[in-house]
Q: 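Supplied in structure tokens, the structure appears directly below.
In listed order, ligands and their atoms are each counted from 1.
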Amino acid sequence: MSSQKTKINASDLIYPVFVKDGLKEKEFIKGFPGTYRYCLNDLPTVIRKCEEFGISGVLVFGIPIKKDDMGTCAYSSDGVVVQAVRKIKECYDITVYVDVCLCAYTSHGHCGVLTGDDIDNEKTLPLLAKAAVSYAEAGADYVAPSAMIAGQVKAIRGALDESDNYRVKIMGYSAKFASHFYGPFREAMDSKPSQGPKDRIGYQLDYHDRSQALAGIKSDIEAGADIVMVKPAMPYLDVIVEARQKFDILLAAYQVSGEYAMVKSLDDPGALYESLIAIKRAGADFIISYGAVELLEYLNENRNKGE
Ligand code: PBG
């Protein structure tokens, strides 16, 4: 009988990196062990490790100095992410993914522009498209719209093509649930909704309903996504399995901040390994995890010990 053993390779992993504008040295994040907000100058060291291990890519998140109701710093020409992408690409040949959303940049913490208490799709789409084009022009390989605003993939693909950024691809956060597992991330980004609706249930998916998730994946594929994603990962392995069976496209799964913090609390690198094996076994081609680098360190150590 042939072996069916699931393995994880560095080329399966994408490592998320937080970059904060104006920071002088890396900052500890409350409730988010092993993860930091980095300053621009830290990036070469952080990325060098990823490149040495052969990690598939990094997913960049920016934290601006100032927030406003339109999320202006998300799409300004010298925004922190634009600077970060340029710096990474100057030093390393690694695939750069950039998250496209307004929540870290808006004073109210929502992923789109608010009109009254409602997320205003029409006003938000051009801003997301503008942000995506600015990241593309800085050198990003993939833009990854995570705002869950209907029509975001189509609007971004259109704007990329119109600005001659055909080479830039899209990883859609296609099945993103309104999850309780995003807490440490919102602490890192200071992006908890503080005005308007108290949560993101109005625009993220209901976790009681798997069919919505599959419909989200289908519509992102139709809109031109190159990679689709299920997020979070561990509580949604059934969705990963079904997406794998139904769609012939690259599939990413995001082990989000709360999942990672939970796994880390066990203080056993084997638990991290096991959790990522489960996600791979379910059928993900790419796994986005805050534990990507430490997992590879752990696997190397074990290999050296001959285990
Ligand atoms: C932005 C966004 C979120 C995450 C990635 N991009 C969370 C949210 O909806 O607040 C979550 C990632 C994580 O928890 O690690 N919209």
Q: Looking only at heavy atoms, is any part of R186 under 4.0 Å from ligand 1, and if so is it the side chain, the backbone, or both, or is it neither?
A: side chain
Q: Between Y254 and ligand 1, which residue portion shows a heavy-atom distance shorter than 4.0 Å: side chain, backbone, both, or neither?
A: side chain
Q: Starting from atom 9 (O) of ligand 1, locate the nearest protein heavy atom and write down its residue, its atom name and how far away it is, to 0.1 Å.
A: Q204 NE2, 2.8 Å
Q: Identify the protein heavy atom lying closest to atom 11 (C) of ligand 1, giving its residue, its atom name and the separation to 0.1 Å.
A: K231 NZ, 2.9 Å
Q: Please report which non-hydrogen protein atom sits nearest to atom 2 (C) of ligand 1, along with the residue it belongs to and the distance in Å to one decimal place.
A: K176 NZ, 3.3 Å
Q: I want to check something: taking the side chain as every heavy atom from C-beta on, are Y166 and D161 in contact at a cut-off of under 4.5 Å?
A: yes
Q: Determine the sole option in T6, D12, D285 for which the side-chain hydrogen bond (donor to acceptor under 3.5 Å, both in side chains) test with K280 is passed.
A: D12
Q: Closer than 4.0 angstrom: is that true for some heavy atom of K192 and an atom of ligand 1?
A: no
Q: Which residue holds the protein heavy atom closest to atom 14 (O) of ligand 1, what is that atom called, and what is the gap in Å?
A: S257 OG, 2.7 Å
Q: Between R37 and D42, does any side-chain N to carboxylate O distance fall below 4.0 Å?
A: no
Q: Just to verify, which of F185, Y290, Y182 counts as forming a ring pair (Phe, Tyr, Trp, His ring centres under 6.0 Å) with F32?
A: Y290
Q: Please confirm whether K26 makes a cation-pi placement over Y36, using NZ or CZ under 6.0 Å from the six-membered ring centre and within 45° of the ring normal.
A: yes
Q: Here's a test for you: under ring pair (Phe, Tyr, Trp, His ring centres under 6.0 Å), which of Y135, Y15, F18 qualifies with F61?
A: F18
Q: Does the residue C111 have a heavy-atom contact with ligand 1, meaning some pair of atoms that are separated by less than 4.0 Å?
A: yes
Q: May I ask you to identify, for C103, whether its side chain, its backbone, both or neither come under 4.0 Å of ligand 1 on a heavy-atom basis?
A: side chain
Q: Does the distance from a Lys or Arg side-chain N to an Asp or Glu carboxylate O, for K218 and E222, drop under 4.0 Å?
A: yes
Q: Suppose I only count heavy atoms of S146 and a 4.0 Å limit; which atoms of ligand 1 are within that range?
A: 1 (C), 2 (C), 6 (N), 16 (N)
Q: Provide the number and element of each atom of ligand 1 under 4.0 Å from a heavy atom of C101.
A: 1 (C), 16 (N)
Q: Taking the non-hydrogen atoms of Y290, is any one of them nearer than 4.0 angstrom to ligand 1?
A: yes
Q: Any chance you could measure D238, atom CG, to R210, atom CZ, to the nearest 0.5 Å?
A: 5.0 Å
